[in-house]
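The next block holds one structure in the form of structure tokens; read it before the comments.
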Amino acid sequence: MHEIDRTQTVTVAGAGLVGSLMALFLARRGFQVEVLERRPDMRRETVDAGRSINLAISARGLYALRQVGLEEEARRHAIPMRGRMIHPVSGALALQPYGKDDSQHINSISRAWLNQYLMTHAEGTGRVRIRFKQRLQHVDFDSGALSVLDEASGATREERATVLLGADGSGSAVRQEMARRPGYQSTQELLSHGYKELTIPAGPGGSFRMEKHALHIWPRGSFMLIALPNEDGSFTCTLFLPFEGPVSFASLDSPGKVSAFFQEKFPDALPLIPELTHDFFHHPTGSMVTVKSEPWHVGGRALVLGDAAHAIVPFFGQGMNCGFEDCGVLDGLLSRHSRWEEAFSEFFRLRKSNADAIADMAVENFIEMRDSTANPRFLLEKQVEKLLLNAFPGQFLSRYTLVSFSRVPYRLAYEVGSIAGGIVSELSEGLSRAEEVDLDRAARLVRERLVPFVEEHSDGFRLEG
Ligand code: FAD
């Protein structure tokens, strides 16, 4: 029972970003794959692509696409973003580079395009069948029976799955079913902030009305606005704001209040968003959740991956990247194990601490983005960090660089980040300019604190982007 056998059909719940990519990996290994997707086919009907219009893809996501031969085409549709462009309430814009130079950048890509591209390639293998408007409702893990609602007819029927992969997102039906079993745990922490998407349309002839190669941020303490570029010259802005309170989605309850709020807090963005009040009141307010659950599998019968296992808040731009990395890791394990249960339990062992680490870093990054990017001390430390990255290449490592530009396990990136952050903070004490940093002292601190850690975990640090 539950030997890995390539003649088996694997059932995947969810044809989102992770489900579609996982289906493609499985097909390339020779499996037949049945995918159940509750939404209509977004290639044929207009559907909300869900979550965000565009997202940032970086080293981990790109590597997974490279493994299935799709990286190049994805890069052609992606816009490199070399740093954060900070928009103060008044005064000059400031670009904070993400990496040591322009070669280190993240990329803005359309969620809908990427999802469709993955679905089409998965189906193109001839081994993947995606059935739309099919919502998985219940699972009996002992028998493999699935209860599936046909959203078109309203009828519920039973199906069988020998092996089930739950890639059905943060509200995963598969995970909820697992959580009912003894010994399983699942927590969901809802952020007290929500988000709303707004549009800066393209300028004349599809031109960009702000710097194209940047992720724009308007940091304002307890809230912020960000914008990512789209291929057609537009930008998608996301306003992150508390749900309740004096400055919140609840308090901005009239077009006049919304316009006045933007005029006061985001004066340079306001003239670029002509449909502000219409979009504000017609677009949904999204919520963000951190999901932590364990274990992620029921024997060799079922496994959750992507957001279904570990949804995180979006402030490190890593949810999809982490989910794509899951797919590549699971694929590798399927080549090494002969039983599903072994592959699933090793997957959980390898990925859980990394998923927890990026979940925590994502929450911390929220504070950094909305608050500290406008703080002079933070800016000085960022400059010192960049200086150290260039002065001690390969020896001084920053958390952001490891998370976004390498495949070093998130857990190690988290720990290195704490050590490196401590070094930067000590060296920045009393400086007014980054260039005043004491490089001899820096060399000693790097040698004493970072080098031994990296040597101790040398296997993990070999994973380049
Ligand atoms: P989903 O994308 O949620 O897909 C799940 C799929 O399962 C959907 O198609 C859904 O319809 C289907 N489904 C759900 N329930 C069922 C069911 N019962 N039966 C059948 N089908 C079902 N990540 C990044 O890496 N970079 C970013 O810049 C970034 N920005 C983000 C911005 C925002 C505002 C948000 C909210 C998230 C962002 N993320 C980002 C995170 C990213 O969106 C998720 O990590 C990613 O979508 C996870 O993919 P998934 O396939 O696991 O889940």
Side-chain angles (χ1 to χ4, degrees), residues 11-23 34-42 47-62 64 78 81 106-112 114-116 118-119 130-139 146-151 159 164-177 191 193-197 215 226 228 236-240 283-291 304-327 355 358-359 362 365-366 369 403-404:
T11 304
V12 176
L17 293 166
V18 172
S20 303
L21 179 60
M22 195 63 234
E34 283 288 321
V35 186
L36 301 168
E37 167 55 52
R38 77 169 178 208
R39 292 183 304 191
D41 186 348
M42 61 169 89
V47 269
D48 172 10
R51 328 297 288 284
S52 57
I53 287 171
N54 53 21
L55 25 69
I57 187 164
S58 46
R60 296 163 202 267
L62 289 167
M81 298 183 290
I106 58 174
N107 307 277
S108 175
I109 195 161
S110 154
R111 178 190 292 270
L114 185 55
N115 207 152
Q116 293 176 24
L118 290 172
M119 288 194 290
I130 307 177
R131 284 181 288 147
F132 295 92
K133 301 183 189 171
Q134 304 297 314
R135 179 194 292 260
L136 178 68
Q137 290 187 304
H138 296 292
V139 187
L146 311 179
S147 141
V148 180
L149 170 70
D150 183 324
E151 298 269 5
E159 290 192 11
L164 172 67
L165 299 184
D168 48 347
S170 58
S172 170
V174 180
R175 186 187 72 244
Q176 284 173 29
E177 203 73 66
L191 207 66
H193 283 64
Y195 71 93
K196 174 96 63 187
E197 292 197 322
L215 190 155
I226 68 167
L228 274 72
T236 303
C237 302
T238 312
L239 174 66
F240 295 96
H283 292 176
T285 307
S287 57
M288 292 163 283
V289 64
T290 302
V291 170
V304 281
L305 72 166
D307 274 19
H310 47 69
I312 61 177
V313 295
F315 306 107
F316 224 121
Q318 285 295 314
M320 168 191 65
N321 285 287
C322 179
F324 278 10
E325 198 171 53
D326 282 354
C327 298
I358 190 58
N365 222 40
F366 183 32
M369 281 176 86
V403 167
S404 300

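Counting starts at 1 for both ligands and their atoms, following the listed order.
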Report the C-alpha separation of L191 and V289 in whole Å, then their side-chain angles, then the decisive distance to 0.1 Å, and conclude whether the side-chain contact (heavy atoms from CB on, under 4.5 Å) test is met.
CA-CA 6 Å; L191 207 66; V289 64; over 6 Å; no
Give the numbers and elements of all ligand 1 atoms closer than 4.0 Å to a heavy atom of L17.
47 (O), 51 (O)
If the cut-off is 4.0 Å to any non-hydrogen atom of L36, which atoms of ligand 1 fall inside it?
20 (C), 21 (N)
Going by the 4.0 angstrom heavy-atom rule, the piece of M288 near ligand 1 is neither
Strictly distance-based, threshold 3.5 Å: is any side-chain N or O of D326 a donor or acceptor partner for the main-chain N or O of G306?
yes
Of the backbone atoms (N, CA, C, O) and the side-chain heavy atoms from C-beta on, which set of Q137 has a member under 4.0 Å from an atom of ligand 1: side chain, backbone, both, or neither?
neither
Any donor-acceptor N/O pair, N54 side chain to L228 backbone, under 3.5 Å
yes
Residue portion contacting ligand 1 (non-hydrogen atoms closer than 4.0 Å) for S172:
neither
Please identify which atoms of ligand 1 are closer than 4.0 Å to at least one heavy atom of G317.
24 (C), 25 (O), 26 (N), 27 (C), 28 (O)
State, with a plain yes or no, whether a side-chain heavy atom of I106 is found less than 4.5 Å away from one of I57.
no
Determine whether a donor-acceptor pair (N or O, by modelled atom type, separation under 3.5 Å) exists between the side chain of E197 and the backbone of I53.
yes
So is L136 polar-close to ligand 1, meaning N/O to N/O under 3.5 Å?
yes
Is there a heavy atom of R111 sitting under 4.0 angstrom from any atom of ligand 1?
yes
Considering all heavy atoms, the nearest K196-T285 contact:
NZ-OG1, 3.0 Å
Looking at D307, V291, D168, which one forms a side chain to side chain contact (heavy atoms under 4.5 Å, CB included) with R175?
V291
Is R60 reaching over with its side chain to a backbone N or O of V403, donor-acceptor style, under 3.5 angstrom?
yes
Out of all atoms in ligand 1, which are within 4.0 Å of some heavy atom of A56? Include the element for each.
24 (C), 25 (O), 26 (N), 27 (C), 28 (O)
Taking a cutoff of less than 4.0 Å between a non-hydrogen atom of the residue and any ligand atom, is A13 in contact with ligand 1?
no
Would you say D307 has any N or O atom under 3.5 Å from an N or O of ligand 1, going by distance alone?
yes
All salt bridge (Lys or Arg N to Asp or Glu O under 4.0 Å) counterparts of E34, not counting sequence neighbours
R129, R131
Can you tell which of R135, M320, E37 gets a heavy atom nearest to atom 10 (C) of ligand 1?
E37
Value for CG (L21) from CZ (F324), rounded to nearest 0.5 Å, stands at 5.0 Å
Q134 neighbourhood, listing ligand 1 atoms whose heavy-atom distance to it stays under 4.0 Å:
19 (N), 20 (C)
Considering only heavy atoms of G319, which atoms of ligand 1 have at least one such atom less than 4.0 Å away?
23 (N), 24 (C), 25 (O), 41 (C), 45 (O)
Between E159 and T11, does any side-chain donor sit less than 3.5 Å from a side-chain acceptor?
no
For F315, which residues count as a ring-ring contact (aromatic ring centres under 6.0 Å, His included) partner, sequence neighbours excluded?
F240, F366
F240 N/O to ligand 1 N/O under 3.5 Å
no
Heavy-atom distance to atom 40 (C) of ligand 1: which of N321, L55, N54, V35 wins?
L55
Which ligand 1 atoms are under 4.0 Å away from a heavy-atom of G306?
52 (O)
Using a strict 4.0 Å cut-off to heavy atoms of G16, name the atoms of ligand 1 that fall inside it.
4 (O), 6 (C), 9 (O), 51 (O)
Candidates E325, M22, R38; heavy atom nearest atom 21 (N) of ligand 1 found on R38
